[in-house]
Amino acid sequence: MASRLTSAVKLKPTLKRLGVAVAIAVAASGALAAGKKVERKVQDPHYGDTLFHFYQEHYFTAITGLMVSQHFERVQKHADEAELLRGGMLLSYGMHREAGEIFTRLIEKGAEPPVRDRAWYFLAKIRYQRGFHADAADALSRIEKNLPPELEEDRVLVKANVLMALGDYAGAAAALNSVPGIEKEISEGTTSAHLYARYNLGVAMVRNGDAAKGAALLDQIGKAPTPPQATEEFRSLRDKANVALGLASLQADKPEAAGPFLERVRLNGPQSNKALLGFGWASASIKNHKQALVPWTELADRDASDAAVLEASIALPYAYGQLGAFGQALDRYNAAIDLFERENKGLDESIAAIRSGKLVEGLLDENPGEEMGWFWTIRSLPQMPHAGHLTQVLSQHDFQEAFKNYRDLLFLTRNLQRWKDNLGVFNDMLDNRRKAYADRLPVVLAKASQSGLKDMALRAAGLAAELAEAEARGDGEAFASARERELIELIEGVKAELQKAGNDPESAAARERLRLASGAMVWRLAQAYPQRAYETSRDLQTLDAGVAEAQGREARLAQAQRDEPAKFDRFGERIAELGKRVDVLIPQVVALSQEQQAALQELAVAELVRQKERLAAYGVQARFAVAQLYDRATKAKEGGDAAK
């Protein structure tokens with residue numbers, strides 16, 4: 001029972017697109033503390049730009065933009081989260097080593113506990129995916145209690161998978177038993193994670209030798225009520241559990257127990273063909289061949305590209321033969337042989353179409369996409385001679401991943417070609433800038449030479465000296481206004497005239513008035529001196545700042561005359577160097593694309609060849625059965641003739 005359950009089990013595909021879980025968990029959670037989400041705003045605009053492209057499903061743009069921002073240190077406030085996000089996106093593109101190095105660095109540098117736990121978690125998943133099960137177990141043991149709930153549930157499933165891979169089925173069962181609510185009855189509120197945990201727990205118990213309890217758990221899933229709003233994932237898991245139990249009963253030589261399990265499987269679900277075939281063999285095993293005719297007749301009329309349908313094509317005449325209906329058995333065997341020959345011919349046509357590139361090119365035409373990305377899936381099938389043959393091919397995870405790799409290589413080819421075209425544009429832009437610089441430089445130099453900056457600097461220095469001297473003397477007259485200077489000159493003129501007039505009485509009165517006017521002017525200038533000295537000093541500082549700024553511009557202009565030509569040369573050298581790199585990379589990527597296409601086509605062909613081999617085996621069995629029927633008929637006829 002254990003081996004049959006193992007072959008029928010398909011654990012939750014938590015590792016199928018590991019990078020998706022990494023990147024989405026990082027981008028969605030932002031920051032975590034004690035396993036709880038914390039609301040935080042994006043503080044670095046460039047990190048926000050990366051998240052924008054990420055949620056727009058422009059993943060290549062997101063990761064390249066993020067790496068540029070990291071290079072120029074533009075995401076310092078989200079450094080650890082940005083690095084974790086980059087690791088997740090690299091992982092989604094299959095760059096396991098680079099992603100592992102990122103997570104290891106985050107751990108070694110002592111990142112915050114939430115980031116560190118997520119890094120250990122994703123590092124454990126990488127190690128498990130790459131087959132380093134002991135290292136994965138070590139990474140899981142280092143996780144504390146800082147994972148968000150959605151990752152904590154997944155951590156338990158990963159731990160169980162790792163322990164089962166290490167042969168520790170008891171430990172896996174114990175880990176799965178720790179999932180909250182695992183012991184509760186299945187209801188509408190049961191999450192898919194709980195269902196998979198229960199499913200894997202049943203498998204772990206069976207493999208640990210506790211077949212009865214393991215089968216009971218699988219039976220709970222198999223007979224769980226299916227609400228109208230149930231997801232396809234729930235229905236499929238329910239069918240898988242029932243098929244696993246049914247096939248296990250058959251292998252344990254308990255065909256009477258297999259029927260009830262297989263009857264629960266949906267008639268038109270993904271597992272229906274296996275269930276119909278198994279139900280027929282369960283009936284045949286208890287010698288109820290008439291009952292076996294029912295599922296096998298239904299199955300034999302289905303798409304012959306399915307292995308179960310092909311097996312039913314020869315199982316059905318076998319049942320007729322066991323019932324003594326040799327004529328019907330012979331007809332069915334001959335029909336099966338014809339079916340196998342047609343199917344074999346169709347497989348040859350499909351193989352030829354695949355090798356001609358029709359499948360791969362058709363998939364690209366029918367499923368266009370702008371960027372590389374892990375969410376991309378095959379949604380539309382191309383026109384092929386026998387589309388039914390594609391089911392087994394396209395359902396393979398290896399084919400899906402290989403096709404995505406091929407599609408990504410084509411994207412990289414287009415991207416490199418676009419950069420090659422852009423580099424030509426950059427060269428033109430650089431030439432235009434050189435020409436504009438050469439044209440504008442003489443005009444700028446001419447204007448600079450007419451600015452009178454040196455004279456202005458000398459005047460500013462002179463004014464500063466005069467101000468210092470006036471402040472040293474406390475000379476208010478130095479700050480007199482134009483009107484006040486006129487009055488001062490007028491007073492001095494009157495004073496000179498009075499000196500010429502002598503000492504007559506009229507002159508004495510005039511001298512007194514002059515003294516009063518002169519004293520008023522001195523008092524007025526003394527009162528205004530502090531304010532005027534301050535304002536003059538401030539204005540002089542403004543003048544000095546303006547002169548300094550102008551001198552700075554002049555210096556920058558001189559520096560630009562030295563630097564700009566060299567800068568243009570460096571840009572030109574960089575463009576030339578990048579052009580050479582792109583020219584080297586394009587043929588390499590094109591060659592890899594061709595190799596990947598060939599490998600992809602051979603992967604598809606290999607599956608069809610396996611179908612041909614299966615057909616050949618069934619054909620031999622059918623022809624042998626026909627020969628037996630003819631031999632039996634011949635012996636019966638000879639026996640009848642002898643009796644006469």
_salt bridge (charged side-chain N to carboxylate O under 4.0 Å, His left out) assessment of Glu607 paired with Arg610_ = CA-CA 5 Å; Glu607 175 59 31; Arg610 284 191 289 270; 2.7 Å; yes
*Quick one: are Leu85 and Leu51 in side-chain contact, heavy atoms under 4.5 Å?*
yes
_Pairwise side-chain contact, Asp49 with His53, heavy-atom cut-off 4.5 Å (strictly under)_ = yes
*Between Ala82 and Val75, what is the shortest heavy-atom contact and its length?*
CB-CG2, 4.2 Å
*Less than 4.0 Å between a side-chain N and a carboxylate O, is that true for Glu152 and Arg155?*
yes
*Is there a side chain to side chain donor-acceptor pair (under 3.5 Å) between Tyr121 and Asp154 once you walk through the steps?*
CA-CA 10 Å; Tyr121 164 73; Asp154 200 41; 2.4 Å; yes
*Run the salt-bridge test on Arg105 and Glu83 with the 4.0 Å N-O cut-off and return the result as yes or no.*
yes
*Is a donor on one side and an acceptor on the other found under 3.5 Å between the side chain of Asn242 and the backbone of Leu262?*
no
_Looking at every non-hydrogen atom in both residues, tell me the closest pair between Phe399 and Ala604 and how far apart they are._
CE1-CB, 3.9 Å
*Is the backbone of Phe340 close enough, under 3.5 Å, to the side chain of Asn344 for a donor and an acceptor to pair up by distance?*
no
*Any sub-3.5 Å donor-acceptor pair from Glu311's side-chain atoms to Leu277's backbone N or O?*
no
_Check against side chain to side chain donor-acceptor pair (under 3.5 Å), Arg302 and Ser272_ = CA-CA 11 Å; Arg302 295 191 175 188; Ser272 61; 2.9 Å; yes
_Show, in sequence, the C-alpha distance, side-chain angles and deciding distance for Glu343 and Gln611, and conclude whether the side chain to side chain donor-acceptor pair (under 3.5 Å) test is met._
CA-CA 9 Å; Glu343 189 67 14; Gln611 294 184 36; over 6 Å; no
*Hey, does the side chain of Ser236 reach the backbone of Glu233 with a donor-acceptor pair shorter than 3.5 angstrom?*
no
*Would you call Arg574 and Glu577 a salt bridge, using N to O less than 4.0 angstrom?*
no
_Thr297 side chain to Val294 backbone, donor-acceptor under 3.5 Å_ = no
*Taking all heavy atoms of Leu293 and all of Ala319, pick out the closest pair and write down the distance.*
CD2-CB, 3.6 Å
*Can you check whether Ala224's main-chain N or O pairs, donor with acceptor, with Arg238's side chain at less than 3.5 Å?*
yes
*Is it true that Asp239 and Lys274 have a side-chain N and a carboxylate O under 4.0 angstrom from each other?*
no
_If I compare all heavy atoms of Ala300 with all of Leu316, which pair ends up nearest, and what's the gap?_
CB-CD2, 4.2 Å
*Do Lys345 and Glu341 sit within salt-bridge range, that is, some charged N less than 4.0 Å from a carboxylate O?*
no
_Trace of the side chain to side chain contact (heavy atoms under 4.5 Å, CB included) decision for Tyr333 with Tyr320_ = CA-CA 10 Å; Tyr333 275 126; Tyr320 277 120; over 6 Å; no
